[in-house]
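First up is the structure itself, then whatever we jot down about it.
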Number of protein chains: 2
Amino acid sequence: MAETGKLVQDETEAAGISLGALTSTAGLMLRIAQLTSFDNFFALYPDGAIRISEFTVLMAVSENPGIRQGVLADILKVKWSNMTMLVRTLEDQGLIARHVPRSDRRAVVLTVTEEGKRQIAASRDMIDRLDREALSMLTDDEHAQLIALTRKIAGWPEKGGL
Amino acid sequence: MAETGKLVQDETEAAGISLGALTSTAGLMLRIAQLTSFDNFFALYPDGAIRISEFTVLMAVSENPGIRQGVLADILKVKWSNMTMLVRTLEDQGLIARHVPRSDRRAVVLTVTEEGKRQIAASRDMIDRLDREALSMLTDDEHAQLIALTRKIAGWPEKGGL
DNA sequence: TGGAAATAGTTTATTTTTAAACAGTTCAGT
DNA sequence: ACTGAACTGTTTAAAAATAAACTATTTCCA
């Protein structure tokens, strides 16, 4: 066997280890926090449910009907080539529709189908719950702080469009 | 051409876009913040300098001489197979030494060489500076908050070993 | 108007990452 | 002591992400 496993909050067996100054390196800490969050999340995530990347795109399109897929890719920080594949999968599943506008025939704009709306309604609460659960080591205040900070890093204002 | 580019704080051209409830999804926000931080960091990072993953391992070993590489991998959240490669590269560069202890001949314990110490001394300040610069949209208070939160997520106590 | 340059998205090739199989060592129970 | 299970690390094969080349439009401006 390889890789020990131990999901959700490992006590890292070997006590007495200190990362020293590294724990003040925000980039590293952000990375480790993100990986921890994802590990915890996926340990809870039910098999067969919609992929979280697909759900995210679905939600984003639902909030911004007619958005171009390149713009969406930039916002979500995914590469255009990955967005092409992601969006095609969602189209194959009948969850979103792609439309080439007459005004610019290079572009592809997206909308959520009725089926897509049903999918959102069906999975939204569960995903929110697991997302919070994955960071259950934080108090509600801390959780709110984290969201405020990460929004600021992403360059998104508190309220309204970006 | 593909990929627009625009490093450091993009205003995302298309105004009026809102991610709605997604901005309260901590997992997603953590991911986007981390990618933003890294993009900014690498935009500043000088070519030819030690790779940041290697520097991190070097620092961690320096703080914990004789640490087993598997333990280190778990703490830094890198896969064992990647740690094998990372550590070999560092050894090839003469920055760390690998040693198999008599007490457990399966294990490999690590120490930093003199050359490794010089490398740390040479790059440490620059890396700290760029790391802070990559998150220059945060005030010092916010930056400190972020580190406290991410440490808590990682499961590391404020002070001392983990 | 008539290209050259820029934009939007896709496809392909390359690199990187992850997972799985593997080999050697130690441990636990008999 | 012996055997099966667990541990530590490495190698390999598979999957995923990234970068680069490409097609089709649109824009700019001489």
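Computed over heavy atoms, backbone and side chain alike; hydrogens, waters and symmetry mates excluded. Since we're looking at a predicted model, the values are computed, not measured. Chain letters run A, B, ... following the sequence lines, proteins first and then strands; every chain starts at 1.
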No-H, no-angle donor-acceptor pair, A:Arg106 side chain to C:dT7 base, under 3.5 Å: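 Donor-acceptor pair under 3.5 Å: yes.
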Between [N] ([atom2]) and [X] ([atom1]): distance, integer Å:
| X | N | atom1 | atom2 | value |
| --- | --- | --- | --- | --- |
| B:Lys79 | D:dA16 | NZ | C1' | 13 Å |
| B:Asp39 | D:dA19 | CG | P | 9 Å |
| B:Arg68 | C:dT26 | CZ | C1' | 12 Å |
| B:Met83 | C:dT17 | CE | P | 13 Å |
| A:Gln69 | C:dT7 | CD | P | 17 Å |
| B:Phe38 | D:dA17 | CZ | P | 16 Å |
| A:Trp80 | C:dA8 | CH2 | C1' | 5 Å |
| B:Ile52 | C:dT16 | CD1 | C1' | 18 Å |

Sorted by number, the residues of residues 86-96 of chain A with heavy-atom contact under 4.0 Å to DNA chain D: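 By residue number: none to list.
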Distance test, side-chain N/O of A:Arg102 to OP1/OP2 of D:dT26, below 4.0 Å: no
Minimum heavy-atom distance between A:Phe41 and A:Ile52, given as atom pair plus value: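 Heavy-atom minimum between the residues: CZ-CD1, 3.8 Å.
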Side-chain contact test, heavy atoms from C-beta onward, threshold under 4.5 Å: evaluate it for [X] versus [Y] and give yes or no.
| X | Y | answer |
| --- | --- | --- |
| A:Leu130 | A:Pro46 | yes |
| B:Gln119 | B:Gln93 | no |
| A:Gln69 | A:Trp80 | no |
| B:Ile75 | B:Val71 | yes |

Residue met sooner reading DNA chain D from 5', once A:Asn82 and B:Val108 are mapped to nucleotides: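 The residue closer to the strand's 5' end, by nearest nucleotide, is B:Val108.
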A:Asp104 side-chain proximity, nearest of C:dT10, C:dT26, C:dA8: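 Taking heavy atoms from C-beta onward, the closest nucleotide is C:dA8.
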Selected nucleotide, minimal atom distance to A:Thr84 side chain, candidates C:dT11, D:dA17, C:dA19: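 That would be C:dT11.
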B:Ile147 reachable from A:Leu149 in the ILVMFWY side-chain graph, under 4.5 Å edges: no
ILVMFWY cluster, B:Leu110 and A:Leu22 together (side-chain gap under 4.5 Å): yes
First of B:Arg105 and A:Met85 reached from the 5' end of DNA chain C, by closest nucleotide: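 Its nearest nucleotide being more 5', the pick is A:Met85.
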